[in-house]
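Heads up, the thing below is written out as structure tokens.
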Number of protein chains: 2
Amino acid sequence: MAKKAEQRRQQILKAAFDAVSDKGYESVTLQDIADYADVSKGVTNYYFENKVDVFAHLLEWITTRIYEKEAASIKEKNTALEQLEAYINQVFISPEENKTFYRVYLDFLSQSKNHQRYQEINRQFYENCWSLGTDIVNQGINEGIFRVSDKEQAAHSIRSIIDGSLIQWLMRDEDDLHAYYKSLCHQSILRLLQVEK
Amino acid sequence: MAKKAEQRRQQILKAAFDAVSDKGYESVTLQDIADYADVSKGVTNYYFENKVDVFAHLLEWITTRIYEKEAASIKEKNTALEQLEAYINQVFISPEENKTFYRVYLDFLSQSKNHQRYQEINRQFYENCWSLGTDIVNQGINEGIFRVSDKEQAAHSIRSIIDGSLIQWLMRDEDDLHAYYKSLCHQSILRLLQVEK
DNA sequence: CAAAATAATTTGACCAGTCAGTATAATTTG
DNA sequence: CAAATTATACTGACTGGTCAAATTATTTTG
């Protein structure tokens, strides 16, 4: 079945994700992936061209998953402020989920310069993120609560603040900072959009 | 004597930097470093404990160099706005220097979670950066042009914006975006600090 | 339906290559 | 010459990828 094959691929991707999360991109071997997936080494090469191919699919999976979750939680809300809050809430889901997800994502970011394919996937991810930002900004402008001259620029800036906050949080690796950086990120963006107090 | 030895170390670190810049952290070998330094492989192991030791010294060198340059260019200026501009100018020196430096730095960031030692060096770097931000914020508050309630928070936020902008610029890897992200970063921080137009 | 044939999947041994680190030899220096 | 430094050769561990054989699933046939 094509169904069965798709399941196997998912299983391998999940295993690759766990492996990278535990050991870091560079040190994950094909054997690791096989071990995490509870299959033998050959399987990975049966379903994917090679190691890079596995990782490219993994990056694609991660970024689209992040984007879709963000888009979904925004769509539930009506006002720009609620949407923004939902966005930030989704970005900073929970310390556990965040750490694993964004550590792996950061690994890929630093690999992007060496792999054209990763870079392309990440470019797509950025565009998705910007479109989320633009939508919220448009909504806020229509509501008359955001004061922004250049919408595209605002979208870029929003994502900068999000990524910058996430990375700083990730790097400090102390307890109890998750809520702090979530709030910092939220407030920074509100100031950027010049929302009246 | 000890002078010569120190020179050799510097030579090796510079070689390691060039190698990482060209090939990326994960794929640099001890042989690469030796080749870039025009010495034989044994030399690296003579002056450093092992590969990680070389890289830890390199990270330390990079981060203190970035910090010192930033601190120096800020010190030249008197007003908060000038200082901020000098800061941003130094962060976004030139496309060439930026790309090499921050690509290597990003490599280290993603490795930090796996190496306690890298993490410690990076923590120190963050604290230095925050102190730069705090100084400028204090100056601006004294001048009455920044409206910030929490200075520490402002410092964190400033560095978030800087890192976020740098990474987004790095990842897009298109021509002519350097000036755009420099300006975006500058304007975002000004808005954050609620400078009157 | 059952046996046989065929196709798809899985396994793990294996290969050729690479690397970090070590040991030792050669060279320089004082 | 002796100590410090550098060059070279080597080792053992590990990796990505291959592949023939084994196993399992599916289809065909009588």
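Residue numbers start from 1 in every chain, and the chains themselves are labelled A, B, ... in the order their sequence lines are given, proteins ahead of strands.
For DNA chain D, the neighbouring residues in residues 28-42 of chain B, judged by any heavy atom under 4.0 Å, are Val39(B), Ser40(B), Lys41(B), Gly42(B). Of the residues in residues 9-18 of chain A, none has a non-hydrogen atom less than 4.0 angstrom from any atom of DNA chain D.
Between the side chain of Lys151(B) and the backbone N or O of Asp135(B) there is no donor-acceptor pair closer than 3.5 Å. Of the possible donor and acceptor atoms, one in the side chain of Gln83(A) sits under 3.5 Å from a partner among the backbone N and O of Lys77(A).
The aromatic rings of Phe17(B) and Phe101(B) sit tilted relative to each other, their planes meeting at an angle between 30° and 60°. Ring planes of Phe55(B) and Tyr25(B): tilted class, angle from 30 to 60°.
Under the 4.5 Å side-chain criterion, counting only non-hydrogen atoms from C-beta, Lys99(A) is in contact with Trp169(A).
The Lys51(A) side chain lies nearest to dT15(D) when the options are dT15(D), dT22(C), dT6(D).
Judged by Watson-Crick or G-U wobble contacts below 3.5 Å, the nucleotide dG30(C) has dC1(D) as its partner. Searching all strands for a Watson-Crick or G-U wobble partner of dA21(D) with both distances below 3.5 Å returns dT10(C).
Atom NZ in Lys23(A) sits roughly 11 Å away from atom P in dC14(D) (whole-Å rounding). Put simply, CD on Glu26(A) is 16 Å from C1' on dG16(D), counting in whole angstrom units. Spacing between atom CG of Asp53(A) and atom P of dG16(D) amounts to 14 Å, rounded to whole angstrom units. Counting to the nearest Å, the P atom of dA13(C) and the CG atom of Asn45(A) are 16 Å from each other.
Residue Phe48(B) is classed as having no contact, given no heavy-atom separation below 4.0 Å to the nucleic acid. Nucleic acid contact class of Val43(A) (heavy atoms, under 4.0 Å, all strands): base.
Not one side-chain nitrogen or oxygen of Tyr46(A) sits closer than 4.0 Å to the OP1 or OP2 atom of dT18(D).
Side chains of Asn89(A) and Lys182(A): a donor on one and an acceptor on the other come within 3.5 Å.
For the salt bridge (charged side-chain N to carboxylate O under 4.0 Å, His left out) with Arg103(A), the lone residue among Asp173(A), Asp22(A), Asp18(A) that qualifies is Asp173(A).
The aromatic ring centres of Tyr105(B) and Phe125(B) sit less than 6.0 Å apart. Between Phe108(A) and His115(A), the ring center distance fails the sub-6.0 Å criterion.
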